[in-house]
There are 2 protein chains.
Amino acid sequence: MDTRALAVFVTVADCLNFSRSSEQLHMSVSAVSRTIQRLEDELGQALLIRDKRSVRLSGAGRDFLAYARRAVDEWQQVRRQLGSATELVGEVSLYCSVTATYSVLAPILAAFRAAHPAVEIMMHTGDQADGISRVLSAQDDVAVTGRPPRLPQRLEFLPLLESPLCIWVPTADCAVRQVALGGDADSPGFDWDRLPFIVPERGITKDILDAWLRERGIRPRVYAQVAGHEAIVAMVGLGLGIGIAPQLVVRASGMADSVSPLNMANSLPPLAIGLCGLRRRLQNPLVKSLWDVAGQTYNGAV
Amino acid sequence: MDTRALAVFVTVADCLNFSRSSEQLHMSVSAVSRTIQRLEDELGQALLIRDKRSVRLSGAGRDFLAYARRAVDEWQQVRRQLGSATELVGEVSLYCSVTATYSVLAPILAAFRAAHPAVEIMMHTGDQADGISRVLSAQDDVAVTGRPPRLPQRLEFLPLLESPLCIWVPTADCAVRQVALGGDADSPGFDWDRLPFIVPERGITKDILDAWLRERGIRPRVYAQVAGHEAIVAMVGLGLGIGIAPQLVVRASGMADSVSPLNMANSLPPLAIGLCGLRRRLQNPLVKSLWDVAGQTYNGAV
DNA sequence: CCCCTATATTGCATAAATCGCAATACAGTA
DNA sequence: TACTGTATTGCGATTTATGCAATATAGGGG
């Protein structure tokens with residue numbers, strides 16, 4: 001019998017709800033369900049009475065809960081006593097865009113370094129669009145990324161902040177700007193066809209944009225497919241076309257003066273930015289602590 | 001962390017010897033070694049100091065041992081409390097020869113039935129030679145068999161009793177008997193060639209006999225290869241030849257008067273008879289309890 | 001001094017446990 | 001009635017544990 005199973009049982013016994021427990025425990029509902037089943041199997045007793053609309057403790061469950069709390073507690077105590085929990089040592093690998101390094105990560109890393117000076121951070125930067133796949137393929141423990149529309153259950157997402165997703169227009173007076181500001185972007189007659197559009201090559205921003213365009217029946221003239229928001233902003237700033245990027249990136253880019261947002265009534269939904277990691281990896285205390293520090297740093301911000 | 005790992009640690013801490021622990025725990029040495037490694041890994045502390053010729057507890061190990069004992073104890077206590085250990089229910093499957101049923105198994109089964117009336121015994125009888133493979137292929141939980149010369153480590157063997165392995169000669173006055181008793185079986189000149197030999201088709205007895213014959217450079221005249229000691233005894237009793245079988249089988253066969261042993265100075269080694277089972281299956285409490293009852297029933301007999 | 005035994009560890013292949021996903025079942029609700 | 005929320009289950013895939021064989025090393029004779 002595994003202490004993890006005991007911890008699961010304690011959580012479920014507290015929530016009296018498998019779904020909520022599964023979230024707290026960073027596991028799937030089925031994993032929780034089976035963990036309890038195994039436990040009951042091993043004990044030859046039902047611990048939780050589930051009757052299709054409620055979960056409650058059985059008599060044996062109440063007795064066992066007392067034991068389980070104590071056992072979990074004593075285990076953690078002995079861990080601490082042996083010093084394994086005093087200081088975390090090891091490394092955590094992190095994937096993010098260059099922009100995220102400044103704007104999202106800086107405060108997290110400062111706090112994390114202060115809390116766990118012996119943990120090394122392996123940071124890999126690149127196109128934010130690759131974050132999810134880097135995490136899924138276990139190349140990195142955690143990535144800073146936008147929230148995917150559909151989150152695979154083995155991924156965990158911790159929202160940190162939101163940034164408006166805008167379509168950006170060059171500030172300099174040029175053909176692109178004149179067309180872009182020459183009409184009402186909300187109206188069906190807006191001249192999308194004459195506007196060179198710089199779109200993301202892949203990733204969440206591309207997915208959101210595609211959905212948004214499809215909804216409105218807009219078929220943009222794609223001027224370039226570019227990897228990385230930073231590059232999109234740069235190209236827009238140079239007057240090559242209009243492009244999509246989170247406001248955050250523009251602010252951090254040093255090109256805030258070279259681009260301005262395209263005003264629209266029904267604008268794009270804001271982008272939720274946060275940490276993304278494999279659930280399984282979150283059981284690793286190092287990854288878990290980075291996660292926790294991030295959550296605390298941005299506590300209540302979103 | 002698994003309570004099983006704790007139990008392993010407690011055992012090793014008590015023995016201060018991995019090999020002996022592995023026997024007590026019904027696991028391979030490597031499994032024990034790795035269990036301890038995992039534990040140390042999880043705690044980030046060495047628990048046992050191994051310096052190539054001795055094992056002793058580290059400081060952390062001593063502390064942890066106190067915890068581990070308590071944790072194992074409390075776990076067993078809560079199990080008992082919840083009643084999972086009150087009565088065993090289920091079934092155990094058993095393979096043995098017809099003879100073993102009477103001579104070896106009877107007292108075990110009587111004691112086992114008394115101790116665990118709710119456990120059903122599924123008994124399969126057949127040639128004792130097949131016992132090992134039945135167990136290896138998990139067709140049966142446990143078999144009564146002779147001790148194999150080389151025991152695969154995933155098998156456990158519990159010796160119960162020994163029986164002399166003899167070469168049997170018909171009692172009735174016949175050609176076979178005259179030749180067999182007409183010379184000194186120990187002498188190199190003994191007339192093996194003129195004696196029809198009834199040998200086991202396969203199994204441990206065959207292996208032992210083959211080795212014994214090879215050692216002495218005897219090439220017997222094989223009259224028949226037969227499955228099952230009972231059949232060998234029967235054929236010898238009918239005067240068809242000489243044959244090998246444990247004394248136990250002859251005694252139980254009702255043909256004890258029809259056959260007599262061939263006297264030899266350097267006789268065959270006695271056959272160790274006992275229970276054989278997959279180590280893994282021994283962790284099943286039902287199988288374990290049958291094993292334990294057998295051990296107690298024949299306690300000290302061998 | 002060298003071979004042999006005893007003991008613990010490690011690479012590797014295999015067996016078992018666990019997990020997440022998708023499908024299912026069922027009760028309450030809009 | 002369709003829909004939502006919740007728990008379970010079959011199944012494939014991944015992760016973990018195990019046994020075996022090989023390796024390493026020390027001690028004990030001959």
Side-chain angles (χ1 to χ4, degrees), chain A residues 1-5 7-9 11-13 15-42 46-56 135-138 150-157 277-284, chain B residues 1-5 7-9 11-13 15-42 46-56 135-138 148 150-156 277-284:
Chain A
M1 191 280 317
D2 197 314
T3 46
R4 175 131 192 94
V8 169
F9 173 70
T11 305
V12 177
C15 298
L16 293 178
N17 177 312
F18 280 62
S19 322
R20 249 191 304 289
S21 305
S22 80
E23 288 166 26
Q24 284 188 35
L25 292 162
H26 307 305
M27 336 169 49
S28 69
V29 192
S30 68
V32 174
S33 172
R34 288 202 154 101
T35 303
I36 301 293
Q37 283 171 26
R38 273 195 297 276
L39 213 44
E40 293 180 322
D41 221 53
E42 195 167 357
L47 298 174
L48 296 165
I49 319 249
R50 294 86 109 186
D51 63 359
K52 287 292 175 199
R53 68 176 162 289
S54 75
V55 178
R56 63 186 204 279
V135 166
L136 279 174
S137 63
R150 287 174 22 86
L151 190 68
Q153 211 165 355
R154 79 186 137 150
L155 283 184
E156 190 87 3
F157 183 80
L278 275 178
R279 276 194 160 158
R280 186 179 294 276
R281 290 294 295 158
L282 270 174
Q283 289 168 214
N284 177 313
Chain B
M1 189 277 319
D2 197 316
T3 45
R4 173 129 193 97
V8 169
F9 173 70
T11 304
V12 177
C15 299
L16 294 177
N17 178 312
F18 280 61
S19 324
R20 247 191 306 289
S21 304
S22 81
E23 287 166 28
Q24 283 187 34
L25 293 161
H26 307 307
M27 333 167 49
S28 69
V29 192
S30 68
V32 174
S33 173
R34 287 198 154 103
T35 303
I36 300 293
Q37 283 170 23
R38 274 195 297 276
L39 214 44
E40 293 181 323
D41 221 51
E42 196 168 356
L47 298 174
L48 296 165
I49 320 248
R50 293 86 110 187
D51 62 358
K52 287 294 175 201
R53 67 175 162 289
S54 74
V55 178
R56 63 185 203 281
V135 166
L136 279 174
S137 63
R150 288 174 22 85
L151 191 67
Q153 211 165 355
R154 81 188 135 147
L155 282 184
E156 189 86 3
L278 276 178
R279 277 194 161 159
R280 187 180 292 277
R281 290 295 294 158
L282 271 174
Q283 288 168 213
N284 178 314

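When reading the values below, keep in mind they use all heavy atoms of this one structure, side chains included, and skip hydrogens, waters and symmetry mates. Keep in mind it's a predicted model, so treat the numbers as computed, not measured. All chains are named by letter (A, B, ...) in the order of the sequence lines, taking the proteins before the strands, and each is independently numbered beginning at 1.
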Could you tell me whether the phosphate oxygens of [N], OP1 or OP2, come under 4.0 Å of any side-chain nitrogen or oxygen in [X]?
{"X": "B:Gln37", "N": "C:dT10", "result": "yes"}
{"X": "A:Ser19", "N": "D:dG5", "result": "no"}
{"X": "A:Asn17", "N": "D:dG5", "result": "no"}

Nearest whole Å is fine: how far is [N] [atom2] from [X] [atom1]?
{"X": "B:Leu48", "N": "C:dT7", "atom1": "CG", "atom2": "P", "result": "16 Å"}
{"X": "A:Met1", "N": "C:dT18", "atom1": "CE", "atom2": "C1'", "result": "16 Å"}
{"X": "A:Glu23", "N": "D:dA7", "atom1": "CD", "atom2": "P", "result": "11 Å"}
{"X": "A:Glu40", "N": "D:dT8", "atom1": "CD", "atom2": "C1'", "result": "12 Å"}
{"X": "A:Ile49", "N": "D:dA7", "atom1": "CD1", "atom2": "P", "result": "14 Å"}
{"X": "B:Leu25", "N": "C:dA8", "atom1": "CG", "atom2": "P", "result": "13 Å"}
{"X": "A:Asp41", "N": "C:dT18", "atom1": "CG", "atom2": "C1'", "result": "15 Å"}
{"X": "A:Ile36", "N": "D:dA7", "atom1": "CD1", "atom2": "C1'", "result": "12 Å"}

Just by distance, no angles: are the side chains of B:Ser33 and B:Gln37 close enough, under 3.5 Å, to form a donor-acceptor pair?
yes

Does any part of the side chain of [Y], heavy atoms only, come nearer than 4.5 Å to the side chain of [X], both counted from C-beta?
{"X": "B:Leu25", "Y": "B:Val32", "value": "yes"}
{"X": "A:Arg38", "Y": "A:Glu42", "value": "no"}
{"X": "A:Ile36", "Y": "A:Arg50", "value": "yes"}
{"X": "A:Arg56", "Y": "A:Leu48", "value": "no"}
{"X": "A:Leu155", "Y": "A:Leu278", "value": "yes"}

Taking all non-hydrogen atoms of both residues into account, name the closest pair between B:Val12 and B:Ser21 and its distance.
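Scanning both residues, the minimum pair turns out to be CA-OG, 3.3 Å.
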
Give the nucleotide from the list C:dT9, C:dT7, D:dT8 with an atom nearest to the side chain of B:Arg20.
C:dT7

Starting at the 5' end of nucleotides 25-30 of chain C, put B wherever the base has a protein heavy atom under 4.0 Å, S where only the sugar-phosphate does, and a dash everywhere else.
-SSS--

Does the protein touch nucleotides 12-22 of chain D at the base, only the backbone, or not at all? Give it as B, S and - per nucleotide, heavy atoms under 4.0 Å.
---S-SBBB--

Kindly say whether A:Met1 contributes a backbone atom to a donor-acceptor pair with the side chain of B:Thr3 at under 3.5 angstrom?
yes

Identify which one of A:Arg281, A:Arg279, A:Arg154, A:Glu156 satisfies the side-chain hydrogen bond (donor to acceptor under 3.5 Å, both in side chains) criterion when paired with A:His26.
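Result for side-chain hydrogen bond (donor to acceptor under 3.5 Å, both in side chains) with A:His26: A:Glu156.
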
